[in-house]
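Owing to the predicted nature of the structure, the values given are computational and were not obtained by experimental measurement.
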Amino acid sequence: MARKKVNLQYIPNDSTRRDTFKRRTRGLMKKANELAILCDAKPCVVIYGEGEPVPQVFPSHAEAATVINQFKNMSELEKHTKMDHELFLLQRIHKLQGQVHKSERNCKEHEIRSLLQKAMLGNLPNLTGLSSEDINNAGSEVEVLLKRIGNRITKIRDQQLVYRPSPVQAPTPNVI
């Protein structure tokens, strides 16, 4: 059986407002109790009613005071260990900035390699038309590539020294 939509506005009739307040309060306390049981959480609900001298508290005044004090004594870091929207967005921005920087480096590296290939093919005689920054970047890239090639050559030589097959000996004929 579906309920009709509730209009969220101030209820002018005093008796209706008090009855609604009591019903909603019981429902809220029940939900807090279910949350405590199902999720093993420590909820605390404090409801100040209109014209009531003492607030209604779940689970009890002493337990609510314990939960509130525990929250107050937490450091700011502990209070914000759960992901909030702002923290999530800041982490996402930082991650994306890292990806942008990595892409920029890769793009610059590809441009330099393209320049080097053009120069090796003779399409850029004397490296004319290049800025000093491009020439310096190309020089450092050449040094990096030469180091990689040298390391690769050393590795291949070491592998060949370790694995040296023994010379094949011809089988000796069986003499009877």
Side-chain angles (χ1 to χ4, degrees), residues 3 5-9 24-25 27-48 55 57-165:
R3 288 186 274 173
K5 184 178 179 183
V6 176
N7 223 358
L8 293 179
Q9 64 182 7
R24 293 286 180 108
T25 301
L28 188 59
M29 296 295 184
K30 183 179 175 187
K31 291 290 183 188
N33 186 36
E34 291 172 358
L35 183 65
I37 292 169
L38 294 173
C39 301
D40 194 26
K42 293 181 181 179
C44 171
V45 178
V46 179
I47 301 175
Y48 288 92
V57 180
F58 173 82
S60 68
H61 285 283
E63 290 179 52
T66 304
V67 171
I68 291 171
N69 287 332
Q70 184 179 5
F71 179 74
K72 284 181 178 179
N73 292 334
M74 284 180 161
S75 68
E76 286 297 317
L77 180 64
E78 289 175 323
K79 287 180 184 178
H80 298 290
T81 54
K82 300 295 181 202
M83 185 68 69
D84 65 344
H85 192 66
E86 182 179 2
L87 180 63
F88 170 76
L89 289 176
L90 289 174
Q91 287 177 348
R92 185 76 178 137
I93 288 170
H94 181 69
K95 182 179 178 181
L96 291 173
Q97 285 174 340
Q99 289 176 350
V100 166
H101 291 306
K102 183 178 178 182
S103 296
E104 286 174 348
R105 280 193 310 259
N106 287 342
C107 183
K108 194 72 170 171
E109 186 176 308
H110 287 294
E111 286 177 5
I112 292 171
R113 286 182 184 224
S114 175
L115 281 174
L116 290 174
Q117 286 178 346
K118 287 179 183 177
M120 286 174 24
L121 292 174
N123 294 340
L124 280 176
N126 300 328
L127 300 177
T128 56
L130 295 179
S131 67
S132 60
E133 182 182 346
D134 288 338
I135 293 173
N136 287 335
N137 289 339
S140 62
E141 184 68 21
V142 167
E143 290 175 8
V144 169
L145 291 172
L146 287 174
K147 283 183 185 178
R148 286 184 189 167
I149 291 170
N151 290 341
R152 183 71 180 148
I153 290 171
T154 306
K155 187 176 179 181
I156 291 172
R157 282 186 186 156
D158 291 344
Q159 288 176 350
Q160 287 176 348
L161 291 176
V162 170
Y163 178 73
R164 286 209 171 226

Please round to the nearest 0.5 Å and tell me the distance separating atom OG1 of Thr154 and atom CZ of Arg157. 6.5 Å
Rounded to the nearest 0.5 Å, how far apart are CE of Met29 and CG of Asn33? 10.5 Å
Rounded to the nearest 0.5 Å, how far apart are CZ of Arg113 and CD of Glu111? 13.0 Å
Between Glu63 and Lys42, is any pair of side-chain heavy atoms under 4.5 Å apart? no
Let me confirm one number: the CD-CD1 distance from Glu109 to Ile112, rounded to the nearest 0.5 Å. 7.5 Å
Could you check whether any side-chain heavy atom of Pro43 comes within less than 4.5 Å of a side-chain heavy atom of Phe58, counting everything from C-beta outward? yes
Can you tell me how far CD1 of Ile68 sits from CG of Asn73, rounded to the nearest 0.5 angstrom? 12.0 Å
Heavy atoms of other groups near Asn69 CG, more than 12 under 6.0 Å: yes
Strictly distance-based, threshold 3.5 Å: is any side-chain N or O of Ser114 a donor or acceptor partner for the main-chain N or O of His110? no
Leu145 and Leu116, any side-chain heavy atoms less than 4.5 Å apart: yes
Side chain proximity check, Phe88 to Leu90, heavy atoms < 4.5 angstrom: no
Looking only at heavy atoms, the pair that brings Ser60 and Val57 closest together is O-CG1, 3.5 Å
To the nearest 0.5 Å, what is the distance between NZ on Lys30 and CG on Leu35? 14.0 Å
